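See structure below.
Every value quoted in this text rests on a predicted model; they were computed, and no experiment measured them. Atoms considered below: every heavy atom in the structure, side chains included; atoms not considered: hydrogens, waters and symmetry mates.
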Amino acid sequence: MAEPAMREAYGDALLKMGEDERVVVLDADLAKATSSGKFAAKYPERFFDMGIAEQNLMGTAAGMAISGLKPFASTFALFAAGRAYEPIRNAICYAKAPVKIVATHAGLSPNSDGGSHETIEDIALMRVLPGMTVLSPCDYRQAFDMVLQMKEMDHPAYIRMSRHPVETVTAEGSHTEIGCAHIASHICVKRGIDKNLPLARQWARY
């Protein structure tokens, strides 16, 4: 069985929260890629496709949050943290609007799309914003758990997810306490050493 991608956890978590009518989802013409399309199919009246207009996406989400809704705004990480940085800074963080920003295709994971879609600086950009919680899950289970917790946050939050499926390392039924370190298992560490040590030795020859 193939490992699920973290972005799939976003769509699945949205469906789990969907019965709460305060939950609304906004996307920037990427619903299929971010998996927010799952929510759109079941709750079309609470799904808003803002088009390729990420600044408007964040500004609208901020207004919804201030009005008492629980908006999840999703797009690719580069466009969320890069193109929409000023609205996140002023409309969301400055106003302390509890918008939940979901950034998929983070890091180098959108490799087939090229460097124009890759971002490794999004964590740095989000970390310097006052009141912003930054989340970077390690697999599907942790991403699912974190998205559910984001719903109850009363402050801005940013979560980044990779595009491709990743190996599941968290235990089934485990709970991630945000703000606390979690050691998955020594087996995972050993597995990484076993895989990478031969490569490190090869590099050491040069």
- Message: Between Gln149 and His175, is the side chain to side chain contact (heavy atoms under 4.5 Å, CB included) condition met? List the steps.
- Response: CA-CA 10 Å; Gln149 292 186 61; His175 173 69; 3.4 Å; yes
Going by atom types alone, do [X] and [Y] pair a side-chain donor with an acceptor below 3.5 Å?
X: Thr75; Y: Asp27; answer: no
X: Thr168; Y: Asp139; answer: no
X: His105; Y: Ser162; answer: no
X: Ser74; Y: Tyr10; answer: yes

What's the shortest heavy-atom distance between [X] and [Y], and which atoms?
X: Ala9; Y: Ala143; answer: CB-CB, 3.8 Å
X: Tyr85; Y: Leu129; answer: OH-CD2, 3.4 Å
X: Glu8; Y: Tyr140; answer: C-CE1, 3.8 Å
X: Pro165; Y: Glu3; answer: CB-O, 2.9 Å
X: Ala65; Y: Val99; answer: CB-CG2, 3.9 Å
X: Gly131; Y: His155; answer: O-CD2, 3.6 Å

Give a yes or no on whether the backbone of [Y] and the side-chain of [X] come within a donor-acceptor separation of less than 3.5 Å.
X: Gln142; Y: Cys138; value: yes
X: Thr104; Y: Thr34; value: no
X: Arg89; Y: Pro130; value: no
X: Ser174; Y: Thr170; value: no
X: Gln55; Y: Arg83; value: yes
X: Lys96; Y: Asp154; value: no
X: Asp29; Y: Ile52; value: no

Do [X] and [Y] have side chains that approach each other closer than 4.5 Å (heavy atoms only, starting at C-beta)?
X: Met17; Y: Phe39; value: no
X: Pro156; Y: Ile92; value: yes
X: Leu14; Y: Ser36; value: yes

- Given Val24 and Phe72, is the side chain to side chain contact (heavy atoms under 4.5 Å, CB included) satisfied, shown in steps? CA-CA 6 Å; Val24 292; Phe72 285 79; over 6 Å; no
- Stepwise, does the side chain to side chain contact (heavy atoms under 4.5 Å, CB included) test hold for Met150 with Ile159? CA-CA 9 Å; Met150 289 173 75; Ile159 187 170; 3.6 Å; yes
- Query: Among pairs that include at least one residue of residues 63-76, which meet salt bridge (Lys or Arg N to Asp or Glu O under 4.0 Å), considering only residues two or more places apart or in two chains?
  - Reply: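 Qualifying pairs: none.
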- Item | Test side chain to side chain contact (heavy atoms under 4.5 Å, CB included) applied to Glu21 and Tyr43, step by step | CA-CA 10 Å; Glu21 295 186 353; Tyr43 303 102; over 6 Å; no
- Item | Common cluster, Met6/Val147, ILVMFWY with side-chain heavy-atom separation under 4.5 Å |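 Yes, one cluster joins them.
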